Every structure is written in C-alpha cells, then in structure tokens.
Amino acid sequence: MTTTVPGLTDLFWEAVGRRELVRPVCADCGRNFFTPQIACPACLSENWSYQPSDGRGRVYSATVVHKPPSPGFAVPFRLGIVDLDEGWSMLTELVGGPGERLPELDTPVRVTWIERDGRVLPAFTEDAP
C-alpha cells in the first residue's frame with residue numbers, strides 16, 4: 001500500500017509551472033533522489049529540500065507506449081528513464097528528435113516543457129552536441 005503525504009510534491013509542481021526542474025537533495029548526506037519522499041532513501045533524514053536541476057542527462061531506457069495511461073495522452077508516445085547529471089533519475093516522456101524515433105541509450109538529452117490538458121509537464125528531448 002502506498003501512503004500519500006499531502007503537500008509533498010507541491011513545490012515540485014509549482015517549479016514545473018514556472019518551467020523550472022527541481023529535485024530533492026538531502027542536506028545531511030547530499031543525495032539527490034526522485035520521486036519526493038518523506039525521508040532520504042540513503043540516510044533516512046527528513047532534512048531535504050528541492051534544489052534546481054540543470055535538466056541535462058542521458059537516456060537510460062526508452063520504449064514506445066501504445067495504451068494511454070489516462071485520457072489526454074495521445075498514443076503512441078515515447079517514454080524513458082533519464083539519468084540526470086546531478087545523480088538522480090526521472091521517468092519522463094521523450095519528445096522531438098529526428099523522425100520521432102526512439103533515442104539510443106546514453107543519448108544526451110535536456111529538459112523541455114509540454115502541455116497536457118492545460119498542465120505543464122517536464123519532458124526530455126535530444127540535446128544538440
């Protein structure tokens with residue numbers, strides 16, 4: 001069973017609304033982590049805060065999704081795990097790129113912004129060399 005903590009992700013979504021990518025960083029051990037949790041997964045400290053991310057990383061994994069997770073998602077779409085340069089990972093939509101093909105693993109990417117049903121979401125696109 002998953003427990004939801006009210007307000008835990010509010011600051012994340014506020015930053016996304018400003019088109020700023022942030023991630024939790026533990027003040028005690030310095031670990032970057034995602035998704036936001038009550039305690040740092042490395043040291044269990046609750047002393048963490050959201051810090052800006054430069055939004056650059058590399059594709060760890062990628063696939064094409066053919067069944068929408070909810071209304072408003074046009075299929076097919078590309079989904080991937082991006083390992084960000086600061087040491088954290090994010091499940092995200094992959095957009096753009098030559099011919100809308102899947103990027104190869106380890107392809108450099110950067111954050112971009114898309115809108116779904118009037119809501120801004122982070123996504124990633126191939127980064128120019």
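These numbers come from a predicted model, not from an experiment.
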Distance-only polar pair, side chains of Thr107 and Glu126, donor-acceptor under 3.5 Å: no

Any donor-acceptor N or O pair under 3.5 Å, side chains Gln37, Thr35: no

Could you check if a side-chain atom of [X] sits within less than 4.5 angstrom of a side-chain atom of [Y], using non-hydrogen atoms only?
X     : Y      : value
Leu79 : Thr92  : no
Val25 : Arg31  : no
Glu93 : Ile114 : yes
Ile38 : Glu46  : yes
Asp54 : Val111 : no

[X] versus [Y], closest heavy-atom pair with distance:
X      : Y      : result
Leu8   : Pro36  : CD2-O, 3.5 Å
Thr125 : Gly96  : OG1-CA, 3.9 Å
Pro52  : Val22  : CA-CG1, 4.1 Å
Asp85  : Gly57  : OD1-CA, 3.5 Å
Phe124 : Gly55  : CE2-O, 3.5 Å
Trp13  : Pro122 : CZ3-CD, 4.4 Å

Those residues that, when tested against Glu20, pass side chain to side chain donor-acceptor pair (under 3.5 Å) (two or more places apart): Arg18

Any residue meeting side chain to side chain donor-acceptor pair (under 3.5 Å) with Arg119, in chain and number order, not counting sequence neighbours: none

Donor-acceptor pair, side chain of Arg78 and main chain of Leu94, under 3.5 angstrom: yes

Check against side-chain contact (heavy atoms from CB on, under 4.5 Å), Val95 and Thr112: CA-CA 8 Å; Val95 298; Thr112 190; 3.6 Å; yes

Aromatic plane relationship, Tyr50 with Phe12 - under 30° parallel, 30 to 60° tilted, over 60° perpendicular: tilted

Pairing residues for Trp88 by the ring pair (Phe, Tyr, Trp, His ring centres under 6.0 Å) criterion, not counting sequence neighbours: Phe34

Val82 vs Ser89, side-chain contact (heavy atoms from CB on, under 4.5 Å): CA-CA, chis, key distance, verdict: CA-CA 5 Å; Val82 170; Ser89 299; over 6 Å; no

Selection residues 58-67 - residue pairs positive for side-chain hydrogen bond (donor to acceptor under 3.5 Å, both in side chains), sequence neighbours left out: none

Partners meeting side chain to side chain contact (heavy atoms under 4.5 Å, CB included) with Asn47 (sequence neighbours left out): Ala27, Asp28, Ser45

Listed partners of Glu115 passing side chain to side chain contact (heavy atoms under 4.5 Å, CB included), at least two apart: Arg19, Val120

Trp48 and its side chain to side chain contact (heavy atoms under 4.5 Å, CB included) partner, picked from Cys43, Cys29, Pro24: Pro24

Hydrophobic cluster identity match, Leu44 and Phe33, side-chain contacts under 4.5 Å: no

Criterion side-chain hydrogen bond (donor to acceptor under 3.5 Å, both in side chains) on Gln51 and Ser53, from CA distance to verdict: CA-CA 7 Å; Gln51 301 295 319; Ser53 169; over 6 Å; no

